[in-house]
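Throughout, residue positions are numbered sequentially from 1 according to the sequence presented. Values below: all heavy atoms of this structure, side chains included; hydrogens, waters and symmetry mates excluded. Numbering of ligands and ligand atoms starts at 1, following listing order.
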Amino acid sequence: MDRETSINSFLIDTGEHRILIDAGAGRLFGDCCGRLPAMLKAAGYAPEAIDVILLTHVHGDHSGGLTLDGRRVFPNATIYLSKRELDYWLSDAAKARAKASHQQMFVQGRAALAPYQTAGRIRTFDAPAALFPGIRALAAPGHTPGHTFYEIESRGDRMLVVGDIIHAAEIQLQRPDTTIDFDADEALAARTRKAALAELARTHTLVAAPHISFPGLGHIARSGAGYAWAPIPYSSVVRDVGQ
Ligand SMILES: [Zn+2]
């Protein structure tokens with residue numbers, strides 16, 4: 001059975017910074033994808049307005065949209081990612097050890113990051129790390145070695161951008177042990193997923209998930225032996241939440 005998945009990115013406008021979390025696949029997956037710049041423009045943001053990009057990890061469906069034809073799509077942005085993550089994808093030894101189905105990920109990830117490296121626009125951190133007021137990076141290894149959650153806090157509310165702990169919500173919420181070939185360390189990825197789901201359900205934290213149906217915002221609740229997804233109602237109404 002074919003399953004459609006979303007590739008969501010998240011924009012946070014703090015007033016001081018326009019922070020994009022992940023950049024989608026760009027042209028890597030063909031015509032299905034790559035509409036992030038157009039969607040940002042529709043929301044009132046030119047690519048040049050983005051000054052910070054936080055990467056959950058370097059897989060092509062999160063980093064591919066950074067670069068088009070070898071050029072930076074976001075020319076004024078500095079990319080932040082875990083030092084472990086960057087070191088892994090740039091390591092020839094790690095590439096040599098990786099299984100055959102992961103080789104292309106190294107090629108794509110390096111190509112996506114290259115023009116930002118050349119421009120001196122990559123910063124790394126050791127998670128946990130406070131990056132900006134109200135924004136912290138948390139280590140969530142397994143899917144990739146430096147896979148990162150981003151915790152956003154504002155006026156007592158908390159949201160967690162969970163990266164790739166969920167690829168197929170219909171399956172992995174009910175059976176969190178289910179791993180995916182893309183995982184660098186499947187056992188560790190499953191442990192990280194189970195711990196995160198338990199914590200998110202217990203704390204009723206708002207979740208932002210790259211691969212749950214657009215826009216990927218909702219809550220995790222316990223359901224039977226697993227969990228269920230409760231999307232927040234999608235609305236096109238622009239509300240002023242500044243008060
Ligand atoms: Zn991934």
**Student:** Under the criterion salt bridge (Lys or Arg N to Asp or Glu O under 4.0 Å), I'd like the reasoning laid out for K194 against D177: C-alpha separation, chi angles, the key distance, then a yes or no.
**Tutor:** CA-CA 8 Å; K194 287 194 276 191; D177 277 328; 2.6 Å; yes
**Student:** Not counting sequence neighbours, list each pair that qualifies as a ring pair (Phe, Tyr, Trp, His ring centres under 6.0 Å) and has a residue in residues 23-58.
**Tutor:** H57-H59, H57-H62, H57-H143, H57-H147
**Student:** Write out all pairs satisfying salt bridge (Lys or Arg N to Asp or Glu O under 4.0 Å) with one or both partners inside residues 34-48, taking only residues at least two apart or from two chains.
**Tutor:** none
**Student:** Does some side-chain heavy atom of V73 sit less than 4.5 Å from a side-chain heavy atom of L66?
**Tutor:** no
**Student:** Assess the side chains of T56 and D22: does a donor N or O sit below 3.5 Å from an acceptor N or O?
**Tutor:** yes
**Student:** What residues form a ring pair (Phe, Tyr, Trp, His ring centres under 6.0 Å) with Y116, not counting sequence neighbours?
**Tutor:** none
**Student:** Closer than 2.8 Å to the Zn ion (ligand 1), which protein N, O or S atoms?
**Tutor:** H57 NE2, H59 ND1, H143 NE2, D164 OD2
